[in-house]
Protein chains: 2
Amino acid sequence: MVDNTKAKIIAAAAKVAVKRGVQNLTMDAVAAEAGVSKGGVFYHFGSKHDLLLGMVQALVDVTDREIAAAQEQDQSAGSWLRGFIEACLTNSTQELGSVGRLSVAFLTAAANDTSLLAPMNRRQEAWREAINTSGIDPALAHIIRLAADGLWINDVMGVPVLDPTERTAVIARLVAMTHKNTEPGEKGIEA
Amino acid sequence: MVDNTKAKIIAAAAKVAVKRGVQNLTMDAVAAEAGVSKGGVFYHFGSKHDLLLGMVQALVDVTDREIAAAQEQDQSAGSWLRGFIEACLTNSTQELGSVGRLSVAFLTAAANDTSLLAPMNRRQEAWREAINTSGIDPALAHIIRLAADGLWINDVMGVPVLDPTERTAVIARLVAMTHKNTEPGEKGIEA
DNA sequence: TTGACTATACTGACCGGTCAGTATAGTCAT
DNA sequence: ATGACTATACTGACCGGTCAGTATAGTCAA
């Protein structure tokens, strides 16, 4: 199967980035990790840029899929946000979870060339829409999303922003916040 | 003056990272931007690693300084958080502001080698302490900080998480949130 | 007050390794 | 007989790091 190998290569790249560090994410290393020849990697991805792009796209896809899955058994107000929180924060970076692994690729991409974030940027409009219509006050909804995002990225980078106790408390509070404030625009300092 | 040149090099490095992208942050480019020879750069920073470390340290220092300055004319509850919000979100990335410029260096550092974040990680404990004793409920305080952080980093990476209107609304709401909820631990779903 | 010497702050040509990408010839299942 | 590769060898640019040497200012003994 064609896409099987492509997916295998992307997974291998994510694995290399996590295990050996981003500066060692070479095409040779990816090929070795994937059990494929270097030529094989270039057969599927015309350039390293393409591979990175594929990794970011995979992260976006997987995140969307996790949110959708979470929403399937929870359609009440704020469900999109709860799905987002779960997708970002549930699996730690070290674990083989889809999001965790690929997150590192995201960082790599951003650092090396912000144009690599195109697949993610394309998705932002849809996510903004989902947040604005999530069923809770938009400004608060964005704040919840941004906080989850902030914690996620600090996790990925290994910055100890929170200790374990604080972390669980914060996540619980974030989830709690998705349950109240159902009426938009009635309490904010402005729109 | 000795440190003048070091500071000049750090500023030049930040400028290069912003203008030409992180992948072009070479020692040659830094030297050229600083109006110094490559050897001169290596005279002050033993390695590129050292330079990056210096940049992260500069970011931390400048952030701390901005928070302290903001707190000078505002000692009421939540002032640390308001200072943090201002430091992170007030000056946009493109502007020559201290934080904005150096932020990119932070990303670079994180992506290339998380050990480069040591100066920032060292500061986290103090910041956590400041947040926990900020005068507002800790869980909420952390969420405010994380949201500011999340918005900041998305700014730096150029991810369009919010449109301009949403952005100002979110920042206003964030600031508003630092003013209420003065009693810790009375409304959370848990500690 | 001059000549020998020292410290500091550089300069800029150069070297060597790394790595994306190419080339080419061949394998093998369908 | 085509599509999906493997295997190996190679190119060439780029970049971190080195190093011998230069510039300038200052110290100090005779």
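Quick note on labels: first sequence line is chain A, next is B, and so on, each numbered from 1. Since the structure is predicted, the reported quantities are computational estimates derived from the model, not experimental observations.
- Following rounding to the nearest Å, A:His49 (NE2) and C:dA20 (P) show an atom-to-atom distance of 14 Å.
- Taking every side-chain heavy atom of A:Thr26 into account, C:dC19 is the closest of C:dC19, C:dG21, C:dG12.
- Cluster annotation: B:Tyr43 and B:Val41 are assigned to distinct hydrophobic clusters (Ile/Leu/Val/Met/Phe/Trp/Tyr, side-chain heavy-atom contacts under 4.5 Å, transitive).
- Side-chain atoms of B:Asn132 and B:His142 form a donor-acceptor pair, as typed in the model, at a separation below 3.5 Å.
- The NZ atom of A:Lys8 sits 14 Å away from the P atom of D:dA4 (whole-angstrom rounding).
- When rounded to the nearest whole Å, the span between CZ of A:Phe45 and P of D:dC5 equals 11 Å.
- Side-chain nitrogen and oxygen atoms of A:His44 include at least one within less than 4.0 Å of the OP1 or OP2 phosphate oxygen of D:dC5.
- In this structure, the CG atom of B:Asn24 is 7 Å from the P atom of D:dC15, given to the nearest Å.
- With rounding to whole Å, B:Asp28 atom CG is found 13 Å from C:dT11 atom C1'.
- Here the options are A:Ile10, A:Leu53, A:Leu52, the test is side-chain contact (heavy atoms from CB on, under 4.5 Å), and the partner is A:Phe45; only A:Ile10 passes.
- For B:Ser37, whose side chain is taken as the heavy atoms from C-beta onward, the closest listed nucleotide among C:dC10, D:dT18, C:dG21 is C:dC10.
- For the OP1/OP2 pair of C:dG12 and a distance below 4.0 Å, the side-chain nitrogens and oxygens of B:Lys38 include no atom meeting the criterion.
- The nearest whole Å value for the distance from the CG atom in A:Leu25 to the P atom in C:dT18 is 17 Å.
- Considering only side-chain N and O atoms, A:Tyr43 lies nowhere under 4.0 angstrom from the phosphate OP1 or OP2 of D:dC5.
- Atom CZ of A:Phe42 and atom C1' of D:dA4 are 17 Å apart (whole Å).
- As rounded to whole Å, 14 Å separates atom C1' of D:dC15 from atom CG of B:Leu51.
- Pairing for D:dC28 is with C:dG3, a Watson-Crick or G-U wobble pair whose two hydrogen-bonding atom distances lie under 3.5 Å.
- Under the Watson-Crick and G-U wobble criteria, each requiring two contacts below 3.5 Å, nucleotide C:dT22 is paired to D:dA9.
- Between atom CE of residue A:Met157 and atom CD1 of residue B:Ile153 there is a gap of 3.5 Å, rounded to the nearest 0.5 Å.
- Side-chain contact annotation: A:Asp74 with A:Ser76, donor-acceptor N/O pair under 3.5 Å present.
- Between A:Thr5 and the phosphate of D:dC5, there is a side-chain N or O to OP1/OP2 separation shorter than 4.0 Å.
- When each of B:Gly39 and A:Met27 is assigned the nucleotide of DNA chain C with its nearest heavy atom, B:Gly39 is the one assigned upstream, toward the 5' end.
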